[in-house]
Amino acid sequence: CWLIKPLAQERLSPKEFRKKLSSTSDALLLDVRTPTEINKGYLKGAVFMDFYDSTFKQQVNNLDKDKSIFVYCAIGGRSWDAAKLMAEMGFKKVYDLKGGIIVWKIKNYDYVKLKSDSARQGMKQADFEKMIAGRPLTFVDFYAPWCAPCKIMVPALERIEKDMKDTALIVKINADEN
């Protein structure tokens, strides 16, 4: 007979996350994004702990492991990693927001909007077309400042930009804002 230990972490859709969060009396809402990302808006009542901060694990260790922890980030990658880490650290109930605050906003669920939240404004198509007009070759890099693969691409893009400066234009567009 095998004893199967139930998972301490669970990934929930925005609808499930919102419902469970509102119906859980001992809930702690944890935002694991960077301060720059938080300045674009956050879920009301959230506690902020930057997953990339070197003291993240120490900060999390100070939380009550018996509470229900609801964790989110921008798109769901970091929060899932945080949820797994917390489960390994002995937290009993950790719920991750699938798709992060980006999907939360798309669903038009309530969140604290700040003046610096430009995610809904974006770039106008006319501005984009003007930027690339007259260029035979344009490489558009849609990136996010918090995205690890995006950061890895920077040296390659800089090399391409240097090698092809007379023939190609490289445009960097923050996907969170546009």
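- Using a 4.5 Å cut-off between side-chain heavy atoms of Ile, Leu, Val, Met, Phe, Trp and Tyr, with links allowed through other members, Tyr143 and Val154 fall into different hydrophobic clusters.
- Annotation: salt bridge (charged side-chain N to carboxylate O under 4.0 Å, His left out) contacts involving residues 17-26, sequence neighbours excluded, comprise Asp26-Lys93.
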Start with the C-alpha distance between Val32 and Val71, add both sets of side-chain angles, then the distance that settles side chain to side chain contact (heavy atoms under 4.5 Å, CB included), and finish with yes or no.
CA-CA 7 Å; Val32 296; Val71 62; 3.6 Å; yes
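- Phe51 CZ to Arg33 CZ: the interatomic distance, rounded to the nearest 0.5 Å, is 15.0 Å.
- In this structure, the separation between NZ on Lys113 and NZ on Lys105 is 9.0 Å, given to the nearest 0.5 Å.
- Sorted by first and then second residue, the salt bridge (charged side-chain N to carboxylate O under 4.0 Å, His left out) pairs with a member in residues 53-65 form an empty list; sequence neighbours excluded.
- Only one option out of Phe91, Phe17, Trp104 pairs with Phe70 in a ring pair (Phe, Tyr, Trp, His ring centres under 6.0 Å); it is Phe17.
- In this structure a side-chain-to-backbone donor-acceptor pair under 3.5 Å is missing from Tyr72 to Tyr95.
- Met164 places a side-chain heavy atom less than 4.5 Å from the side chain of Leu137.
- Using a 4.5 Å cut-off on side-chain heavy atoms (C-beta onward), Phe56 and Leu85 make contact.
- Put simply, Val112 and Val103 are part of two different groups of oily side chains (I, L, V, M, F, W, Y) that touch within less than 4.5 Å, one to the next.
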Please report the C-alpha distance between Lys98 and Trp80 in whole Å, then the side-chain angles of each, then the deciding distance to 0.1 Å, and finally whether the side chain to side chain contact (heavy atoms under 4.5 Å, CB included) criterion is met.
CA-CA 8 Å; Lys98 184 178 182 180; Trp80 184 242; over 6 Å; no
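- Every residue two or more places apart in sequence or in another chain was checked for a ring pair (Phe, Tyr, Trp, His ring centres under 6.0 Å) with Phe139, and none qualifies.
- One hydrophobic cluster, built from ILVMFWY side chains closer than 4.5 Å, holds both Leu12 and Leu29.
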Quick one, Val94 with Glu10, criterion side chain to side chain contact (heavy atoms under 4.5 Å, CB included). Give me CA distance, side-chain angles, the key distance, then yes/no.
CA-CA 6 Å; Val94 184; Glu10 185 178 349; over 6 Å; no
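- When side chains are defined from C-beta on, Asp31 does not count as touching Met49, because their heavy atoms never get closer than 4.5 Å.
- Shortest non-hydrogen contact noted between Asp96 and Gly76 is OD2-O, 4.0 Å.
- Within the model, atoms CG of Asp50 and OG1 of Thr36 stand 9.0 Å from one another, a figure rounded to the nearest 0.5 Å.
- Within the 3.5 Å criterion, the main-chain N or O of Gln58 finds no donor-acceptor partner in the side chain of Thr55.
- Pairs engaging residues 136-164 under the salt bridge (charged side-chain N to carboxylate O under 4.0 Å, His left out) rule: Asp141-Lys172 [sequence neighbours left out].
- The two residues Ser79 and Cys73 make their nearest non-hydrogen contact at N-SG, 3.4 Å.
- Nearest heavy atom pair, residue Ile101 against residue Gly41, reads CD1-O, 3.8 Å.
- Remark: aromatic rings of Tyr42 and Tyr111 are distant, center separation not under 6.0 Å.
- Asp110 meets the salt bridge (charged side-chain N to carboxylate O under 4.0 Å, His left out) test with no other residue; sequence neighbours excluded.
- Listed here is the closest heavy atom pair of Leu97 and Pro14: CD1-CA, 3.5 Å.
- Under the 4.5 Å side-chain heavy-atom criterion for grouping Ile, Leu, Val, Met, Phe, Trp and Tyr, Ile152 is not connected to Ile173 through any hydrophobic cluster.
- For residues 71-82, the salt bridge (charged side-chain N to carboxylate O under 4.0 Å, His left out) pairs, not counting sequence neighbours, are Glu37-Arg78, Asp81-Lys84.
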